Amino acid sequence: MTTSTIQNLMKQMTLDEKIAQLLQLAGPFFKGSSEQGHITGPMAAMPISDEHIKNAGSVLGVSGAAEVISIQSTHLENNRLGIPLLFMADIVHGYKTIFPVPLAIACSWDPELAQKSAEIAAKEAAVSGVHVTFAPMVDLVRDPRWGRVMESTGEDSYLNQVFAKAFVRGFQGPDLANDPQSVAACVKHFAAYGAAEAGRDYNTVDLSERQLREFYLPAYKAALNEGCEMVMTAFNTVDGIPATGNEKLMRSLLRDEWGFDGILISDWGAVKELIPHGVAEDDKEAALKAIKAGVDIEMMTACYVQHLAELVSEGEIEEAIIDEAVLRILTLKDKLRLFEKPNRGVDVELEQQVVGHQDHLQVSKELATKSCVLLKNDHHILPLNKNKNIALIGPFVDSGDILGPWSALGLKEEAVTLKQAFEKHLPIEQLNIVTGCHVETISSQQLEEAVHAASSADVIIVAVGEDSEMSGEAGCRTNIQLPAPQLELLKALATCGKPIITILFNGRPLDLHGVLEYSDAILEAWYPGSEGGSAIVDLLYGIAIPSGKLTMSFPVNVGQVPVYYNHFNTGRPKGAPDAQERYVSQYLDAPNDPMFPFGFGLSYTQFSYSDLELTSTQLTTDTEITATVNVSNVGSFTGEEIVQFYIQDLVGEVVRPMKELKSFQSITLEPGDTKQVTFTITEQQLRYHHADFSFKSDKGSFILYAGTNSIDVLSHSFQLISQGRN
Ligand code: BGC
């Protein structure tokens with residue numbers, strides 16, 4: 001269709017029909033839908049009539065080829081002008097084949113594989129009828145109390161941008177319009193949802209414009225630059241005004257400054273939530289504020305369909321503002337060719353073949369292997385020798401609850417558990433499997449059995465963690481240690497005098513007190529997805545070598561939160577040569593540094609860094625510096641290393657972070673081998689928002705760091721001798 005055909009269609013639409021296009025309803029509202037759909041928010045009674053449903057523009061949380069075809073065809077029969085529905089769903093880290101949670105995916109530092117996972121998710125979802133996924137979630141996170149950190153790619157703005165782009169490329173493919181195996185992406189949650197005060201979901205966000213622009217906004221922008229079709233609002237306030245009613249954020253910044261002309265959708269119920277936020281008196285005012293702010297689709301509340309027409313007739317808003325929103329929605333429907341093929345991509349037979357395909361599971365396993373992070377490995381206890389007798393203990397040994405929140409159609413019963421993977425790998429006589437405790441309870445009998453099993457084994461493997469309900473949306477915790485019964489189990493096992501290898505299944509960085517002291521090795525497996533068990537067994541036995549690195553710091557304890565690598569120095573930094581003992585920025589009862597920093601992760605082999613050299617120590621706007629560093633494998637396994645480059649601007653007009661990740665490179669080295677890794681420094685990489693928000697660099701001294709994580713680095717200084725700006 002051309003724009004004028006869409007406009008002609010709009011001319012035939014009544015005002016009520018147009019307004020109904022702005023309504024998004026969950027599956028259960030539609031005839032032909034299964035009872036439930038995927039409900040991800042409160043299902044308040046909604047004042048919705050059959051007429052609204054007939055004319056609604058989109059549906060969420062429904063998938064499955066037969067069901068989608070049935071809803072779409074009923075809809076087309078009932079809709080006067082034959083306008084098809086858009087089907088949207090949360091396909092976050094897989095549809096049926098479940099990949100590790102995004103925080104884990106990020107720990108692979110492998111954007112190509114991340115892209116591949118999104119491609120597969122899109123393929124499976126599209127054949128099952130999904131047109132738009134509510135992903136990627138690119139919120140920057142610094143507070144592990146917040147349950148949704150598992151859905152983010154971590155604390156670093158640069159890395160978040162890299163993954164935002166990779167996910168959008170994966171979901172949308174190179175030709176969204178013509179490729180029915182792709183889905184449109186919807187970046188969320190705009191903006192700064194990850195900065196909820198005290199890590200409590202839906203809580204206030206209060207950031208300076210500088211923090212927003214420097215750290216939080218770039219990943220949303222990166223997704224849009226990659227062609228992401230939609231944006232979802234955040235539940236929180238931004239500078240005192242809820243994002244969903246925030247004209248400055250949505251109109252001035254998103255639309256005017258960034259030039260975004262795609263669809264802006266509210267989060268679930270967020271339009272009506274302007275009332276409890278305290279910026280709208282009632283549904284009518286909520287509708288007024290949201291439409292004025294530029295929200296096109298209202299998800300799961302009825303303020304628009306109830307009040308927009310009235311607001312037009314009262315002259316509070318122009319009909320043009322509604323037309324603008326409808327045009328965007330119809331344009332996406334048209335772009336996806338839904339007017340010609342309302343059943344775009346969806347195919348009952350193909351669905352059987354594509355969804356959960358063996359090749360997809362293979363990629364999931366590969367990604368899970370690369371996502372696990374080895375946090376500790378004393379005395380090279382790992383990898384294990386196949387002759388050892390193993391006591392396999394813990395609530396996650398025989399649990400399929402390793403897919404994590406937002407796992408769409410993934411079934412726990414189908415996930416490869418640790419037990420299944422071990423039973424494939426070892427003769428049964430070498431394995432003694434006991435539960436030890438449940439996630440949140442323990443009995444003395446369980447404890448006895450566990451100690452008994454452990455006593456007769458060579459090695460104890462303990463699988464502990466948080467169940468998936470303990471993170472994800474509304475899954476916040478103030479205590480980020482393992483639940484007490486699991487700590488009790490570990491403590492008891494430690495009395496057996498056998499080496500303990502702990503596997504962690506969780507969605508957030510944890511306070512590892514009670515784990516670190518009793519474990520000889522710790523493998524952070526996160527929620528590893530459909531093939532979790534097999535990936536972990538490969539790692540434990542050295543069939544694969546750990547290479548994952550953290551993208552979010554693990555605090556020493558919750559009192560340190562937020563603790564992140566790219567903080568400022570303060571005026572009284574701890575550890576400065578002339579620092580006093582007391583009057584410095586520090587805690588009396590804990591270090592400033594986290595337990596495990598950003599970028600940290602061990603391998604079975606060891607890497608050594610040397611000879612960080614620069615082709616010049618003077619940089620201008622027209623020149624580049626090539627930095628090289630030698631990385632050697634000085635251990636005895638072939639391994640992959642993620643080489644990280646950071647820069648520090650020593651003197652800025654505005655205070656600059658201690659380090660900022662600027663580049664990384666993954667290399668594989670055989671034992672004894674050395675590779676020279678190169679990084680090109682340009683003046684553009686040194687630009688930031690100055691006092692007046694102009695984006696430019698500072699002349700002066702900088703330090704380049706190269707290393708294996710954000711703390712263990714080599715350094716080299718250089719000078720910028722001419723200033724550049726955008
Ligand atoms: C979540 C969104 C999600 C939406 C639809 C909301 O509760 O915040 O991330 O996309 O539900 O399921």
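Only a predicted model underlies this, so the values are computations on that prediction, with no experimental measurement involved. Read the numbers this way: they start at 1 and go in the same order the structure lists the ligands and their atoms. Heavy atoms only: backbone and side chains are in, while hydrogens, waters and symmetry mates are out. One is the number of the first residue; the rest follow in order along the sequence.
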Does any N or O atom in [X] lie less than 3.5 angstrom from one in ligand 1, N or O only?
X	value
Arg148	yes
Glu473	yes
Glu151	no
Trp406	no

Tell me whether [X] is salt-bridged to [Y], with the criterion being a basic N under 4.0 Å from an acidic carboxylate O.
X	Y	value
Glu473	Lys188	no
Asp282	Lys284	no
Arg251	Glu324	yes
Asp467	Lys412	no

Just jot down the ligand 1 atoms closer than 4.0 angstrom to any heavy atom of [X], in number order.
X	value
Trp268	6 (C), 7 (O), 11 (O)
Leu60	5 (C), 12 (O)
His189	2 (C), 8 (O), 9 (O)
Asp267	1 (C), 2 (C), 3 (C), 4 (C), 6 (C), 7 (O), 8 (O), 11 (O)
Lys188	2 (C), 3 (C), 9 (O), 10 (O)

Look at the aromatic rings of Tyr202 and Phe235 and report parallel, tilted or perpendicular, splitting at 30° and 60°.
perpendicular
Should the ring pair Trp109 and Phe598 be called parallel, tilted or perpendicular, given that the plane angle runs from 0 to 90° and is split at 30 and 60?
tilted
Within less than 4.0 angstrom of ligand 1, does Met300 place any heavy atom?
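The answer is no: ligand 1 sits nowhere under 4.0 Å from a heavy atom of Met300.
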Do Asp296 and Gln21 have side-chain atoms, one donor and one acceptor, less than 3.5 Å apart?
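No pair is found: no donor N or O on one side chain lies under 3.5 Å from an acceptor on the other.
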